Amino acid sequence: MWFLIRDGQELGDWPLVLASLVGGLSLGSATPILVNVVLAGVPEHHACTAGGLLSTVHQIGAAVGIAVLGTIFFVAVDHAADGAPSPQVYGDACAAGLPSGMGLYVLAAALMVALPATTADPGPEVA
């Protein structure tokens, strides 16, 4: 999407819809697999706690990410607008925030390397 909007051209809706669709499908495909990998390393007797904690951290991360990227966007709009912001100002502000989002995704991908390669030993079964 950054490549589409960084030049300030008038795009129309469909290129942005397609870029959003590709991004959403790729992230939506990876998230359930990542959740399974994270929870596979948790002993069975801690599975409920780990699932709740993972959901909580996911929600907090999403809220903080939106807050940070929204702040970057609105600061860029505020700095660029001399009066009523034009569509160009909004496009430039979006282009200013997208590299930060991309950087956060790269950081998350680098941190995923630290995940264990195998699952935890479940230990003896409790009857």
Side-chain angles (χ1 to χ4, degrees):
M1 188 177 293
W2 182 75
F3 288 110
L4 292 173
I5 64 174
R6 68 187 167 98
D7 294 331
Q9 300 176 38
E10 188 74 26
L11 291 176
D13 295 334
W14 286 110
L16 297 176
V17 167
L18 290 175
S20 297
L21 181 68
V22 169
L25 285 175
S26 61
L27 186 60
S29 305
T31 301
I33 296 168
L34 182 59
V35 167
N36 288 337
V37 168
V38 169
L39 292 180
V42 176
E44 189 175 305
H45 61 279
H46 291 299
C48 291
T49 305
L53 181 62
L54 181 64
S55 178
T56 301
V57 169
H58 184 262
Q59 294 295 322
I60 290 170
V64 169
I66 292 294
V68 168
L69 295 177
T71 300
I72 293 169
F73 174 81
F74 285 110
V75 165
V77 167
D78 190 45
H79 285 284
D82 291 332
S86 67
Q88 178 65 39
V89 169
Y90 288 118
D92 292 344
C94 188
L98 284 174
S100 300
M102 290 186 286
L104 291 172
Y105 279 123
V106 169
L107 176 64
L111 291 174
M112 282 188 248
V113 173
L115 291 173
T118 59
T119 61
D121 182 22
E125 292 206 20
V126 179

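Worth saying up front: this structure is predicted, and the values here are computed from it rather than measured. Numbers for residues simply follow the sequence, beginning at 1.
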Partners passing side chain to side chain contact (heavy atoms under 4.5 Å, CB included) against Ala50 (at least two apart in sequence or in another chain)
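Ala50 satisfies side chain to side chain contact (heavy atoms under 4.5 Å, CB included) with Leu39, Val42 only.
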
Are His79 and Val75 close enough, and set up right, to give a side-chain contact (heavy atoms from CB on, under 4.5 Å), and what steps lead you there?
CA-CA 6 Å; His79 285 284; Val75 165; 3.2 Å; yes

Run the side-chain donor-acceptor check on residues 23-30: report pairs under 3.5 Å with partners two or more places apart or on a different chain.
unit_1: Ser26; atom_1: OG; unit_2: Val22; atom_2: O; d: 3.1
unit_1: Ser26; atom_1: OG; unit_2: Gly23; atom_2: O; d: 2.9
unit_1: Ser29; atom_1: OG; unit_2: Leu25; atom_2: O; d: 2.6

Hey, can you pull the donor-acceptor pairs under 3.5 Å for the side chains in residues 51-73, sequence neighbours left out?
unit_1: Thr56; atom_1: OG1; unit_2: Gly52; atom_2: O; d: 2.9
unit_1: Thr71; atom_1: OG1; unit_2: Ala67; atom_2: O; d: 2.7

